[in-house]
There are 2 protein chains.
Amino acid sequence: MKKIINQVSEIVPEMVQGIVQASNGLLRQLPDTQVVIRNDEQFQTKIQVGLVSGGGSGHEPLHAGFVGEGMLTAAVCGEIFTSPTPDQILAAIKEADQGQGVLLIVKNYSGDVMNFDMAKEMAQADNIKVESIIVDDDISIPDSQQGRRGVAGTVLVEKILGAAARQGCTLEQLQQLGQQVIDNTKTLGIALQAATVPAVGHPGFELANDEIEYGVGIHNERGYSTEKLQSAQKLAQELLTKILAEFDANKNDEFAVLVNGMGATPLMEQYIFLNNVLEELQKQGIKVTFTKVGNLVTSIDMSGLSLTLVKLDNGWQDYLTQNVTTLGW
Amino acid sequence: MKKIINQVSEIVPEMVQGIVQASNGLLRQLPDTQVVIRNDEQFQTKIQVGLVSGGGSGHEPLHAGFVGEGMLTAAVCGEIFTSPTPDQILAAIKEADQGQGVLLIVKNYSGDVMNFDMAKEMAQADNIKVESIIVDDDISIPDSQQGRRGVAGTVLVEKILGAAARQGCTLEQLQQLGQQVIDNTKTLGIALQAATVPAVGHPGFELANDEIEYGVGIHNERGYSTEKLQSAQKLAQELLTKILAEFDANKNDEFAVLVNGMGATPLMEQYIFLNNVLEELQKQGIKVTFTKVGNLVTSIDMSGLSLTLVKLDNGWQDYLTQNVTTLGW
């Protein structure tokens with residue numbers, strides 16, 4: 001394993017310190033936690049509903065890189081691929097609450113759902129208004145107990161809700177909007193090489209030099225098929241066919257497209273892939289009004305990418321386009 | 001070679017199309033070129049000196065990802081690791097000129113310097129005011145003929161000049177400021193794995209499983225030493241010692257720090273490394289007033305990172321901090 005680290009046990013705390021220091025004062029860390037929270041002037045002066053997300057680390061910039069004006073209020077950084085504990089989530093909720101309540105954005109994994117639920121109950125017992133939404137955008141293989149996994153679409157949920165919260169939506173409105181976005185967000189990913197979890201020291205699964213894995217998760221979960229590597233165009237067609245089958249789309253619908261790098265795949269390949277995706281959508285007469293490309297929801301050093309489509313409702317394109325002040329968007 | 005591409009010969013044109021489409025209308029491509037230029041409303045209405053950069057592709061988001069309000073006016077995308085041709089650079093200059101002249105920001109490689117010089121002469125013959133500056137921030141091994149190479153510091157030069165140009169500086173002022181920034185910008189990089197140029201199909205050089213290369217360039221140029229992989233802390237100390245030796249720093253100086261990922265190194269490792277760099281600088285009593293972390297000047301899929309320090313002069317920190325509207329900053 002070749003990584004630029006110190007002790008494996010210190011990866012998350014050192015990373016969180018690095019994130020905060022890279023923010024030039026826009027973020028701060030809650031003492032004795034791995035919680036990153038807004039520290040900008042607007043946060044001090046402008047009241048809104050708090051948005052808290054989090055989960056296992058290893059997906060950077062998600063979630064801490066999306067804390068800032070116009071997106072999340074706070075992020076809770078668990079150990080690598082491991083849910084944060086309820087006490088840390090509770091600390092984030094308490095600090096994010098400005099009296100308007102807090103919405104939790106949770107990716108659909110059993111540990112995350114359980115721990116965020118416990119924190120929600122603890123906060124409610126403290127008379128803080130808290131609601132939660134569960135992101136489950138991965139249309140690949142469902143977890144046998146938990147259902148569909150939450151993957152790259154999460155960042156678009158965070159972006160849309162961040163803009164809506166800044167605009168003054170209530171907790172109830174945000175919860176409803178969030179569920180609508182989730183219902184209209186579908187993702188599928190591929191890997192050319194699995195991620196190496198530092199504590200493990202080797203890739204999570206092996207692929208031959210000419211093989212790719214279709215339908216991977218962001219924690220080295222294998223997908224629906226291992227096949228020979230194909231051209232970017234063929235990959236785009238494969239992923240799009242499966243994703244579009246999830247929507248009842250008609251000619252007037254508008255979509256957002258996210259091409260998300262898994263960590264070790266250069267932007268060059270992501271842009272080429274986007275080009276093929278848009279070409280194919282145009283052929284099919286499907287209208288795209290927002291696109292985004294980059295390493296946003298990664299899986300440590302996995303090589304690969306995912307494709308997310310969101311069927312847009314009124315105002316969402318504007319929410320996606322508005323400027324934010326974060327490290328990662 | 002495992003890459004998400006179509007034909008090797010089509011990588012750059014397909015990527016450039018993807019970049020433009022990912023911009024949601026903020027960028028456009030000049031017809032029959034690989035030139036990307038601003039297309040935002042401010043560019044239509046607000047006159048300033050044009051800033052044009054470019055060079056071989058494979059360093060994304062540099063340069064096209066830094067075209068936009070507050071940074072570059074246009075970028076010329078050459079073939080992979082290959083200088084763009086003078087006619088393409090000339091096309092960019094002509095379109096970027098709003099009557100106030102154009103400054104060329106050129107990385108110090110013989111092909112780039114030659115072709116940008118030819119384009120400058122052609123533009124001057126057309127009565128366009130054009131000046132150029134040569135970025136040579138890499139303190140590792142000099143090219144035998146050309147001197148020091150231009151690497152990650154280039155993006156900070158582009159950021160500072162972009163803010164200054166937006167603020168209304170003249171061509172002469174920008175040329176002078178650019179040279180001052182270059183004189184105070186020093187970079188050193190390391191690689192854990194070399195990049196695979198698509199037309200070649202294998203990494204540019206081999207490193208054993210426990211080896212790193214100190215002082216690499218961004219085109220698979222080897223550095224000053226091949227050694228055993230060390231902790232992030234030791235790596236930070238090694239790079240900082242060499243970089244700080246380049247400055248006549250005293251206690252009142254303020255520095256900007258850039259940790260730049262080479263393409264395949266996760267943000268997690270970059271943040272940990274930043275943390276060690278800042279710890280070490282603090283120990284030495286050196287004041288840091290701006291930090292930036294991310295994959296900004298990459299080398300395709302190289303694994304590794306570089307460290308850049310800029311000794312800041314009056315106003316530079318503010319220029320670095322100001323918001324921009326680009327794909328990559």
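Chain naming here is simple, since letters A, B, ... match the order of the sequence lines and numbering starts at 1 in each. Quantities reported herein were computed from a predicted structural model and do not represent experimental measurements. Every heavy atom of this structure was used, including side-chain atoms; hydrogens, water molecules and symmetry mates were not.
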Per-residue tally against chain B (heavy atom, under 4.5 Å) across Val259(A), Leu235(A), Ile11(A) peaks at Ile11(A)
Cut-off 4.5 Å, heavy atoms of chain A, and the answer for Pro61(B) is both
Turns out that what part of Ala256(B) lies under 4.5 Å from chain A's heavy atoms comes down to neither
One should read off an interatomic distance between Ile19(B) CD1 and Leu267(A) CG, to the nearest 0.5 angstrom, of 8.0 Å
When the 4.5 angstrom heavy-atom criterion is applied to Leu274(A) and chain B, the contacting part is side chain
Okay, Leu229(B) and chain A: the region with an atom under 4.5 Å from a heavy atom over there is side chain
The interface call for Ile80(B) against chain A, heavy-atom contacts under 4.5 Å, is side chain
One option among Val293(B), Val288(B), Leu278(B) has the most heavy-atom pairs under 4.5 Å with chain A, and it is Leu278(B)
I'd like a table of all donor-acceptor pairs linking chain A to chain B (distance under 3.5 Å, no angle check), giving the atom names and the distance to one decimal.
from	atom 1	to	atom 2	distance (Å)
Lys2(A)	NZ	Leu192(B)	O	2.6
Lys2(A)	NZ	Ala208(B)	O	2.9
Lys2(A)	NZ	Glu211(B)	O	2.7
Ile4(A)	N	Glu269(B)	OE1	2.8
Ile5(A)	O	Ala232(B)	N	2.9
Asn6(A)	OD1	Ala232(B)	N	3.2
Asn6(A)	OD1	Gln233(B)	N	3.0
Asn6(A)	ND2	Asn276(B)	OD1	2.9
Gln21(A)	O	Thr291(B)	OG1	2.8
Gln21(A)	NE2	Asn275(B)	OD1	2.8
Asn24(A)	OD1	Thr291(B)	N	2.8
Asn24(A)	OD1	Thr291(B)	OG1	3.4
Asn24(A)	ND2	Thr291(B)	O	2.9
Leu192(A)	O	Lys2(B)	NZ	2.6
Ala208(A)	O	Lys2(B)	NZ	2.9
Glu211(A)	O	Lys2(B)	NZ	2.7
Ala232(A)	N	Ile5(B)	O	2.9
Ala232(A)	N	Asn6(B)	OD1	3.2
Gln233(A)	N	Asn6(B)	OD1	3.0
Glu269(A)	OE1	Ile4(B)	N	2.8
Asn275(A)	OD1	Gln21(B)	NE2	2.8
Asn276(A)	OD1	Asn6(B)	ND2	2.9
Thr291(A)	N	Asn24(B)	OD1	2.8
Thr291(A)	O	Asn24(B)	ND2	2.9
Thr291(A)	OG1	Gln21(B)	O	2.8
Thr291(A)	OG1	Asn24(B)	OD1	3.4

